[in-house]
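This is a predicted model, so every value here is computed, not measured.
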Amino acid sequence: MIIKILMILFIIFLLALAYTLWSHSSGKFLIYSPDENLTLKKVMRFTAGLLVLVAILGIVIMFVGTKETNFITLLLGSLIAAGFSIYLANIR
C-alpha cells in the first residue's frame, strides 16, 4: 500500500515537472530564454511529452503490474529528468 502512495506522489511530481517545462518553453526558464534558443524550446517540449508518457505508463503499471514493475516508472522518469539536466548544464 505504501508503495502505491509513493508511486502516486512520484507520478504527480513527473506531471508537475512536465507542466513546468511545457509552460516555461515560451517564456523565461531559469536564466535561459527558450524563445531565443529554439533547440532548448524543442528539448523542453520533448522532455515534457516524455514525462507525461512515463506518468501514464506508471499509472497503468501501478494498477496492472506488480510492485517490482514500478521500478520501470522510477527508472524512466529519473533518466529523462537527468538527461534534461545534463543537457541544460551543457548549454553555452
Side-chain angles (χ1 to χ4, degrees):
M1 181 65 181
I2 190 77
I3 292 177
K4 284 193 178 190
I5 293 170
L6 292 174
M7 287 306 299
I8 289 170
L9 289 175
F10 185 73
I11 290 169
I12 290 170
F13 172 75
L14 289 178
L15 291 173
L17 182 58
Y19 173 76
T20 302
L21 287 175
W22 190 274
S23 65
H24 285 88
S25 67
S26 60
K28 197 87 166 135
F29 180 70
L30 298 175
I31 61 171
Y32 305 104
S33 179
D35 287 330
E36 295 174 7
N37 187 348
L38 293 179
T39 305
L40 174 61
K41 185 175 196 168
K42 290 178 185 177
V43 170
M44 287 175 71
R45 289 191 174 182
F46 182 71
T47 303
L50 284 178
L51 290 173
V52 169
L53 289 175
V54 170
I56 292 169
L57 177 70
I59 292 169
V60 170
I61 287 175
M62 192 171 46
F63 290 114
V64 176
T66 62
K67 286 190 279 188
E68 291 79 18
T69 55
N70 285 318
F71 182 67
I72 295 169
T73 306
L74 293 171
L75 185 64
L76 288 176
S78 299
L79 287 175
I80 291 168
F84 178 74
S85 298
I86 291 169
Y87 170 78
L88 199 61
N90 290 321
I91 291 179
R92 301 190 193 265

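With sequence neighbours left out, Ile12 forms a side-chain contact (heavy atoms from CB on, under 4.5 Å) with Ile8. For Tyr19, the side-chain contact (heavy atoms from CB on, under 4.5 Å) criterion is met by Ser23, not counting sequence neighbours. Residues satisfying the side-chain contact (heavy atoms from CB on, under 4.5 Å) criterion with Leu79, sequence neighbours excluded, are Leu75. With sequence neighbours left out, the side-chain contact (heavy atoms from CB on, under 4.5 Å) criterion links Leu53 to no other residue.
Residues Val60 make up the rest of the hydrophobic cluster containing Val64, defined by ILVMFWY side-chain heavy atoms closer than 4.5 Å, directly or through other members.
Annotation: the span from Leu6 atom CG to Met1 atom CE amounts to 11.0 Å, rounded to 0.5 Å. Of the inter-residue distances, the one linking Leu21 atom CG with Leu88 atom CG reads 9.0 Å to the nearest 0.5 angstrom. Atoms CG and CG, on Leu57 and Leu50 in that order, are 11.5 Å from each other to the nearest 0.5 Å.
Sorted pairs that involve residues 46-57 and meet side chain to side chain donor-acceptor pair (under 3.5 Å), not counting sequence neighbours, are lacking altogether. Sorted by first then second residue, the side chain to side chain donor-acceptor pair (under 3.5 Å) pairs that include residues 56-66, not counting sequence neighbours, are Thr66-Glu68. A side chain to side chain donor-acceptor pair (under 3.5 Å) check over residues 50-65, counting only residues at least two apart or in different chains, returns nothing.
When side chains are defined from C-beta on, Val52 does not count as touching Trp22, because their heavy atoms never get closer than 4.5 Å. Residues Met7 and Leu74 have side chains in contact (heavy-atom distance under 4.5 Å, counting atoms from C-beta outward). For the pair Phe10 and Val54, the minimum side-chain heavy-atom distance is 4.5 Å or more. Between Phe63 and Ile59, some side-chain heavy-atom pair lies under the 4.5 Å cut-off.
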Tell me, with the steps shown, if Phe84 and Leu51 meet side-chain contact (heavy atoms from CB on, under 4.5 Å). CA-CA 11 Å; Phe84 178 74; Leu51 290 173; over 6 Å; no
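When hydrophobic clusters are built by joining Ile, Leu, Val, Met, Phe, Trp and Tyr residues whose side-chain heavy atoms come closer than 4.5 Å, directly or via intermediates, Phe71 is not grouped with Leu14.
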